[in-house]
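Taking it in order: structure first as C-alpha coordinates, then the write-up.
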Amino acid sequence: MDIPYIVDERPDTGLTNVKLGIWLFLASEVMLFGALFSSYVLLRLMAPEWPVGSEVLNVPMGTFNTAVLIGSSVTMVFAYASLQMDDLAGFKKFMGATIGLSLLFMVVKGFEYTHEFQIGNFPWTNTYLAIYFTMTGLHALHIIGGVIVNTYFLGPGSKMWATNKTQFTNRIEAAGLYWHFVDLVWIFLFPVLYLL
Amino acid sequence: MSENVQHHIAIYKKVAATLAVLTLLTVAVSYIDFAVPLAITVALLIAATKGSLVLSFFMHLLEEKKSVPLSRKGIGLIIGSLIITALFFLVIIFVPVMGHADKVGDYFAVPNANAPTVETPAAH
(Lines give C-alpha, C1' and ligand atoms only; values in the text may rest on other atoms or scores of the structure.)
Protein backbone atom coordinates (compact mmCIF):
# COMPACT_ATOMS: atom_id res chain seq x y z
CA MET A 1 0.00 0.00 0.00
CA ASP A 2 1.32 3.42 -0.90
CA ILE A 3 1.65 6.18 1.64
CA PRO A 4 -1.02 8.75 0.73
CA TYR A 5 -0.35 12.41 -0.12
CA ILE A 6 3.40 12.24 -0.65
CA VAL A 7 3.15 13.94 -4.05
CA ASP A 8 0.04 16.09 -3.80
CA GLU A 9 -1.06 18.16 -0.84
CA ARG A 10 -3.69 16.75 1.42
CA PRO A 11 -6.72 19.04 1.01
CA ASP A 12 -7.56 19.49 4.69
CA THR A 13 -4.00 20.16 5.94
CA GLY A 14 -2.77 21.99 2.86
CA LEU A 15 0.48 20.02 3.20
CA THR A 16 2.05 16.86 1.87
CA ASN A 17 2.37 14.16 4.52
CA VAL A 18 6.14 14.29 3.87
CA LYS A 19 6.38 17.87 5.04
CA LEU A 20 4.06 17.53 8.01
CA GLY A 21 5.90 14.36 9.06
CA ILE A 22 9.37 15.90 8.95
CA TRP A 23 8.21 18.98 10.89
CA LEU A 24 6.64 16.84 13.62
CA PHE A 25 9.88 14.84 13.78
CA LEU A 26 11.86 18.09 14.09
CA ALA A 27 9.52 19.21 16.88
CA SER A 28 10.42 16.04 18.78
CA GLU A 29 14.09 16.77 18.10
CA VAL A 30 13.64 20.24 19.64
CA MET A 31 12.53 18.52 22.83
CA LEU A 32 15.44 16.04 22.70
CA PHE A 33 18.06 18.78 22.41
CA GLY A 34 15.96 21.04 24.67
CA ALA A 35 16.26 18.52 27.50
CA LEU A 36 20.04 18.56 27.09
CA PHE A 37 20.19 22.37 27.01
CA SER A 38 18.04 22.36 30.15
CA SER A 39 20.48 19.89 31.77
CA TYR A 40 23.32 22.22 30.78
CA VAL A 41 21.63 25.16 32.52
CA LEU A 42 20.94 23.06 35.62
CA LEU A 43 24.48 21.67 35.83
CA ARG A 44 26.05 25.07 35.29
CA LEU A 45 23.84 26.83 37.86
CA MET A 46 24.58 24.20 40.49
CA ALA A 47 28.30 23.87 39.80
CA PRO A 48 30.64 25.54 42.32
CA GLU A 49 32.94 26.43 39.43
CA TRP A 50 32.60 26.27 35.64
CA PRO A 51 35.45 26.57 33.16
CA VAL A 52 35.36 29.22 30.42
CA GLY A 53 34.72 27.29 27.22
CA SER A 54 37.27 29.24 25.20
CA GLU A 55 40.04 28.27 27.65
CA VAL A 56 39.32 24.56 27.21
CA LEU A 57 38.28 24.28 23.56
CA ASN A 58 39.79 25.57 20.35
CA VAL A 59 37.67 28.60 19.33
CA PRO A 60 39.18 29.06 15.81
CA MET A 61 38.40 25.40 15.03
CA GLY A 62 34.87 25.83 16.37
CA THR A 63 34.38 29.01 14.33
CA PHE A 64 35.68 27.26 11.22
CA ASN A 65 33.27 24.37 11.80
CA THR A 66 30.37 26.80 12.28
CA ALA A 67 31.17 28.36 8.91
CA VAL A 68 31.47 24.90 7.32
CA LEU A 69 28.09 23.80 8.64
CA ILE A 70 26.36 27.04 7.62
CA GLY A 71 28.01 26.61 4.21
CA SER A 72 26.56 23.11 3.93
CA SER A 73 23.11 24.52 4.72
CA VAL A 74 23.57 27.06 1.92
CA THR A 75 24.57 24.38 -0.61
CA MET A 76 21.56 22.33 0.56
CA VAL A 77 19.07 25.11 -0.30
CA PHE A 78 20.84 25.50 -3.65
CA ALA A 79 20.47 21.75 -4.27
CA TYR A 80 16.73 22.05 -3.60
CA ALA A 81 16.44 25.19 -5.76
CA SER A 82 18.24 23.36 -8.61
CA LEU A 83 15.57 20.64 -8.60
CA GLN A 84 12.86 23.30 -8.67
CA MET A 85 14.56 24.67 -11.79
CA ASP A 86 14.58 21.20 -13.35
CA ASP A 87 18.38 20.96 -13.14
CA LEU A 88 19.50 17.51 -11.93
CA ALA A 89 23.18 18.18 -12.69
CA GLY A 90 23.08 21.30 -10.51
CA PHE A 91 21.39 19.31 -7.77
CA LYS A 92 24.14 16.69 -7.85
CA LYS A 93 26.83 19.36 -7.72
CA PHE A 94 25.33 21.11 -4.68
CA MET A 95 24.34 17.88 -2.92
CA GLY A 96 27.91 16.64 -3.39
CA ALA A 97 29.18 19.89 -1.88
CA THR A 98 26.78 19.49 1.07
CA ILE A 99 28.06 15.98 1.78
CA GLY A 100 31.67 17.10 1.36
CA LEU A 101 31.21 19.96 3.85
CA SER A 102 29.45 17.60 6.29
CA LEU A 103 32.41 15.22 6.15
CA LEU A 104 34.82 18.14 6.61
CA PHE A 105 32.86 19.10 9.74
CA MET A 106 33.26 15.55 11.07
CA VAL A 107 37.01 15.53 10.32
CA VAL A 108 37.54 18.80 12.22
CA LYS A 109 35.39 17.47 15.08
CA GLY A 110 37.51 14.30 15.06
CA PHE A 111 40.70 16.38 15.42
CA GLU A 112 39.12 18.31 18.29
CA TYR A 113 38.06 15.13 20.13
CA THR A 114 41.48 13.52 19.58
CA HIS A 115 43.21 16.60 20.97
CA GLU A 116 40.97 16.58 24.06
CA PHE A 117 41.69 12.89 24.70
CA GLN A 118 45.43 13.43 24.25
CA ILE A 119 45.54 16.12 26.92
CA GLY A 120 43.46 13.94 29.24
CA ASN A 121 40.09 15.64 28.83
CA PHE A 122 37.54 12.84 28.91
CA PRO A 123 33.75 12.88 29.38
CA TRP A 124 34.27 11.74 32.98
CA THR A 125 36.92 14.41 33.75
CA ASN A 126 34.44 17.06 34.86
CA THR A 127 30.82 18.12 34.48
CA TYR A 128 31.57 20.68 31.75
CA LEU A 129 33.34 18.09 29.59
CA ALA A 130 30.57 15.57 30.30
CA ILE A 131 27.87 17.86 28.88
CA TYR A 132 30.23 19.00 26.09
CA PHE A 133 30.83 15.45 24.85
CA THR A 134 27.17 14.47 25.30
CA MET A 135 25.79 17.40 23.31
CA THR A 136 28.41 17.52 20.55
CA GLY A 137 28.36 13.71 20.36
CA LEU A 138 24.59 13.61 19.85
CA HIS A 139 24.92 16.41 17.30
CA ALA A 140 27.66 14.46 15.47
CA LEU A 141 25.34 11.41 15.32
CA HIS A 142 22.79 13.66 13.62
CA ILE A 143 25.44 14.75 11.10
CA ILE A 144 26.26 11.09 10.33
CA GLY A 145 22.55 10.32 9.85
CA GLY A 146 22.18 13.28 7.49
CA VAL A 147 25.25 12.25 5.47
CA ILE A 148 23.84 8.73 5.01
CA VAL A 149 20.46 10.01 3.82
CA ASN A 150 21.98 12.71 1.58
CA THR A 151 24.42 10.24 0.04
CA TYR A 152 21.51 7.93 -0.77
CA PHE A 153 19.68 10.81 -2.50
CA LEU A 154 22.82 11.75 -4.42
CA GLY A 155 23.41 8.17 -5.56
CA PRO A 156 20.76 5.44 -5.98
CA GLY A 157 17.91 7.59 -4.63
CA SER A 158 18.23 10.08 -7.48
CA LYS A 159 16.86 7.48 -9.93
CA MET A 160 13.44 8.60 -8.77
CA TRP A 161 13.98 11.87 -10.69
CA ALA A 162 13.36 9.95 -13.91
CA THR A 163 10.04 8.54 -12.74
CA ASN A 164 8.57 11.10 -10.35
CA LYS A 165 10.12 14.56 -10.20
CA THR A 166 7.69 16.04 -7.69
CA GLN A 167 8.08 13.20 -5.20
CA PHE A 168 11.88 13.40 -5.44
CA THR A 169 11.83 17.19 -4.96
CA ASN A 170 9.59 16.71 -1.90
CA ARG A 171 12.09 14.20 -0.50
CA ILE A 172 14.95 16.65 -0.95
CA GLU A 173 12.90 19.36 0.72
CA ALA A 174 12.40 17.10 3.76
CA ALA A 175 16.10 16.13 3.84
CA GLY A 176 16.92 19.84 3.61
CA LEU A 177 14.62 20.73 6.51
CA TYR A 178 16.38 18.10 8.65
CA TRP A 179 19.79 19.37 7.59
CA HIS A 180 18.94 22.99 8.42
CA PHE A 181 17.76 21.84 11.83
CA VAL A 182 21.13 20.17 12.48
CA ASP A 183 22.76 23.46 11.47
CA LEU A 184 20.37 25.36 13.76
CA VAL A 185 21.33 23.21 16.76
CA TRP A 186 25.01 23.89 16.12
CA ILE A 187 24.35 27.65 15.91
CA PHE A 188 23.29 27.43 19.58
CA LEU A 189 25.81 24.77 20.67
CA PHE A 190 28.80 26.78 19.45
CA PRO A 191 28.40 29.91 21.64
CA VAL A 192 27.04 27.94 24.60
CA LEU A 193 29.92 25.44 24.76
CA TYR A 194 32.84 27.31 23.16
CA LEU A 195 32.40 30.94 24.09
CA LEU A 196 30.52 31.30 27.37
CA MET B 1 8.14 29.05 -11.27
CA SER B 2 11.71 29.67 -12.38
CA GLU B 3 11.51 33.42 -11.66
CA ASN B 4 10.21 32.64 -8.20
CA VAL B 5 13.18 30.31 -7.60
CA GLN B 6 15.60 32.97 -8.85
CA HIS B 7 14.10 35.36 -6.32
CA HIS B 8 14.65 32.74 -3.59
CA ILE B 9 18.26 32.21 -4.63
CA ALA B 10 18.96 35.94 -4.29
CA ILE B 11 17.54 35.79 -0.75
CA TYR B 12 19.58 32.65 0.10
CA LYS B 13 22.77 34.49 -0.86
CA LYS B 14 21.94 37.48 1.34
CA VAL B 15 21.04 35.21 4.28
CA ALA B 16 24.29 33.26 3.83
CA ALA B 17 26.33 36.48 3.94
CA THR B 18 24.46 37.71 7.03
CA LEU B 19 25.04 34.38 8.81
CA ALA B 20 28.78 34.58 8.06
CA VAL B 21 28.98 38.13 9.44
CA LEU B 22 27.00 37.18 12.57
CA THR B 23 29.27 34.17 13.21
CA LEU B 24 32.34 36.42 13.14
CA LEU B 25 30.49 38.92 15.34
CA THR B 26 29.74 36.21 17.97
CA VAL B 27 33.42 35.33 18.19
CA ALA B 28 34.54 38.98 18.21
CA VAL B 29 32.09 39.85 20.98
CA SER B 30 33.32 36.93 23.09
CA TYR B 31 36.73 38.64 23.32
CA ILE B 32 35.16 41.73 24.92
CA ASP B 33 35.31 41.44 28.68
CA PHE B 34 31.58 41.64 29.47
CA ALA B 35 30.13 40.61 32.81
CA VAL B 36 28.96 37.00 32.53
CA PRO B 37 25.17 37.71 32.44
CA LEU B 38 25.65 40.32 29.70
CA ALA B 39 27.99 38.04 27.72
CA ILE B 40 25.38 35.25 27.86
CA THR B 41 22.61 37.64 26.78
CA VAL B 42 24.61 39.01 23.84
CA ALA B 43 25.75 35.55 22.66
CA LEU B 44 22.22 34.12 22.86
CA LEU B 45 20.74 37.16 21.10
CA ILE B 46 23.11 36.72 18.16
CA ALA B 47 22.47 32.96 18.10
CA ALA B 48 18.71 33.56 18.16
CA THR B 49 19.03 36.02 15.27
CA LYS B 50 21.00 33.48 13.23
CA GLY B 51 18.57 30.72 14.16
CA SER B 52 15.55 32.73 13.09
CA LEU B 53 17.23 33.52 9.75
CA VAL B 54 17.78 29.79 9.12
CA LEU B 55 14.20 28.99 10.15
CA SER B 56 12.60 31.82 8.18
CA PHE B 57 14.47 31.50 4.89
CA PHE B 58 16.31 28.17 4.59
CA MET B 59 13.43 26.25 6.16
CA HIS B 60 10.85 28.53 4.46
CA LEU B 61 8.90 28.99 7.66
CA LEU B 62 7.74 32.48 6.59
CA GLU B 63 5.97 30.93 3.63
CA GLU B 64 4.38 28.16 5.66
CA LYS B 65 1.81 30.62 6.98
CA LYS B 66 0.14 30.31 3.61
CA SER B 67 -0.18 26.57 4.03
CA VAL B 68 -3.60 26.84 5.65
CA PRO B 69 -6.26 25.84 3.15
CA LEU B 70 -8.53 28.75 2.35
CA SER B 71 -11.55 26.69 3.27
CA ARG B 72 -10.44 26.60 6.92
CA LYS B 73 -9.25 29.66 8.73
CA GLY B 74 -6.62 29.25 11.42
CA ILE B 75 -2.96 28.59 11.95
CA GLY B 76 -1.28 26.06 9.73
CA LEU B 77 -0.39 22.70 11.24
CA ILE B 78 3.36 23.38 11.04
CA ILE B 79 3.23 26.77 12.79
CA GLY B 80 0.69 25.39 15.27
CA SER B 81 2.80 22.41 16.29
CA LEU B 82 5.90 24.63 16.49
CA ILE B 83 4.12 27.06 18.85
CA ILE B 84 3.20 24.18 21.16
CA THR B 85 6.78 22.86 20.94
CA ALA B 86 8.18 26.30 21.75
CA LEU B 87 5.97 26.52 24.86
CA PHE B 88 7.18 23.16 26.18
CA PHE B 89 10.76 24.08 25.24
CA LEU B 90 10.51 27.24 27.35
CA VAL B 91 9.14 25.20 30.25
CA ILE B 92 12.02 22.71 30.26
CA ILE B 93 14.60 25.49 29.88
CA PHE B 94 13.14 27.51 32.76
CA VAL B 95 12.53 24.64 35.18
CA PRO B 96 16.15 24.61 36.43
CA VAL B 97 16.29 28.42 36.46
CA MET B 98 13.12 28.68 38.53
CA GLY B 99 14.32 25.94 40.85
CA HIS B 100 17.56 27.83 41.34
CA ALA B 101 15.82 31.15 41.92
CA ASP B 102 13.32 29.68 44.38
CA LYS B 103 14.19 31.22 47.74
CA VAL B 104 10.72 30.98 49.30
CA GLY B 105 10.48 29.25 52.65
CA ASP B 106 13.17 27.60 54.72
CA TYR B 107 16.23 26.26 53.02
CA PHE B 108 16.87 22.59 53.58
CA ALA B 109 20.19 21.09 52.68
CA VAL B 110 19.61 17.68 51.17
CA PRO B 111 21.67 15.07 53.03
CA ASN B 112 24.51 13.98 50.82
CA ALA B 113 25.31 10.30 50.99
CA ASN B 114 28.79 10.94 49.61
CA ALA B 115 29.73 13.59 52.15
CA PRO B 116 32.57 12.65 54.51
CA THR B 117 31.15 11.44 57.77
CA VAL B 118 31.61 13.74 60.72
CA GLU B 119 33.36 12.11 63.66
CA THR B 120 30.90 12.09 66.54
CA PRO B 121 32.27 11.50 70.03
CA ALA B 122 31.08 8.18 71.31
CA ALA B 123 28.28 8.70 73.81
CA HIS B 124 28.80 6.91 77.06
Side-chain angles (χ1 to χ4, degrees), chain A residues 9-15 19-20 23-24 26-31 33-35 37-46 52-54 59-60 62-63 66-67 70-71 73-74 76-78 80-82 84-86 173 176-177 179-181 183-185 187-192 194-196, chain B residues 1-2 4-6 8-9 11-13 15-16 19-20 22-24 26-27 29-31 36 39-40 42-44 46-48 50-51 53-55 57-61 64 66-72 76-78 81-82 84-86 88-97 99-101:
Chain A
E9 289 176 357
R10 199 179 133 133
D12 54 352
T13 62
L15 298 164
K19 198 188 247 185
L20 182 58
W23 272 108
L24 289 179
L26 292 183
S28 78
E29 291 272 90
V30 169
M31 297 315 286
F33 279 100
F37 274 105
S38 175
S39 310
Y40 168 88
V41 174
L42 180 74
L43 292 171
R44 185 165 181 167
L45 283 174
M46 300 301 165
V52 180
S54 55
V59 175
T63 313
T66 308
I70 290 175
S73 244
V74 175
M76 191 79 198
V77 284
F78 281 140
Y80 174 56
S82 300
Q84 287 179 313
M85 292 188 296
D86 212 5
E173 183 181 21
L177 283 170
W179 194 252
H180 301 313
F181 175 80
D183 181 28
L184 188 64
V185 171
I187 284 175
F188 283 93
L189 277 182
F190 171 62
V192 164
Y194 283 73
L195 302 176
L196 295 177
Chain B
M1 178 73 179
S2 185
N4 194 14
V5 179
Q6 292 295 347
H8 273 111
I9 289 177
I11 293 176
Y12 296 153
K13 286 180 181 163
V15 173
L19 288 173
L22 285 175
T23 302
L24 292 177
T26 321
V27 180
V29 165
S30 76
Y31 285 104
V36 174
I40 292 179
V42 171
L44 287 185
I46 299 177
K50 288 166 73 180
L53 282 174
V54 171
L55 267 175
F57 298 105
F58 288 175
M59 301 172 86
H60 306 112
L61 202 55
E64 293 301 344
K66 298 170 197 158
S67 68
V68 195
L70 288 173
S71 55
R72 295 183 173 204
L77 272 177
I78 291 176
S81 35
L82 287 181
I84 294 170
T85 312
F88 281 106
F89 180 80
L90 283 178
V91 171
I92 54 169
I93 287 296
F94 278 103
V95 158
V97 179
H100 190 69

Pairwise distance CG(B:L61) to CH2(A:W23) - rounded to 0.5 angstrom: 4.5 Å
Is B:S30 close to chain A through its backbone or its side chain, or both, or neither, when contacts mean heavy atoms under 4.5 Å? side chain
Any side-chain heavy-atom pair from A:L189 and A:Y194 closer than 4.5 angstrom? no
Check each atom of A:L43 against the heavy atoms of chain B and say whether the ones under 4.5 Å are side chain, backbone, both or neither. neither
Below 4.5 Å from any heavy atom of chain A, which atoms of B:V54 appear? Answer side chain, backbone, both or neither. side chain
Residue A:V192 versus chain B: region with a heavy atom under 4.5 Å: side chain
Cut-off 4.5 Å, heavy atoms of chain A, and the answer for B:A20 is neither
Taking the six-membered ring for Trp, are A:F188 and A:F37 parallel (under 30°), tilted (30 to 60°) or perpendicular (over 60°)? perpendicular
Options B:A86, B:A47, B:A48, ranked by heavy-atom pairs under 4.5 Å with chain A, top entry: B:A47
Does A:I70 offer a backbone N or O that forms a donor-acceptor pair with the side chain of A:S73 under 3.5 Å? no
Is there a side-chain contact between B:L53 and B:L22, using heavy atoms and a 4.5 Å cut-off? yes
Side-chain heavy-atom pair B:I9, A:M85 within 4.5 angstrom cut-off: yes
Can you say whether A:V59 sits under 4.5 Å from chain B via the side chain, the backbone, both, or neither, judging by heavy atoms? side chain
So which part of B:V15 gets closer than 4.5 Å to some heavy atom of chain A, the side chain, the backbone, both or neither? neither
I'd like to know if the side chain of A:S82 and the backbone of A:F78 have a donor-acceptor N/O pair within less than 3.5 Å. yes
Toward chain B, the part of A:F190 with a non-hydrogen atom under 4.5 Å: side chain
Tell me, for A:L196 versus chain B, whether the close heavy atoms (under 4.5 Å) come from the side chain, the backbone, both or neither. side chain
Pick one of side chain, backbone, both or neither for A:Y80, based on which atoms fall under 4.5 Å of a heavy atom in chain B. side chain
Heavy-atom pairs under 4.5 Å with chain B are the metric here; pick the option from A:V41, A:L45, A:L195 that has the most. A:L45
Does any non-hydrogen side-chain atom of B:M59 lie less than 4.5 Å from one of A:L26? yes
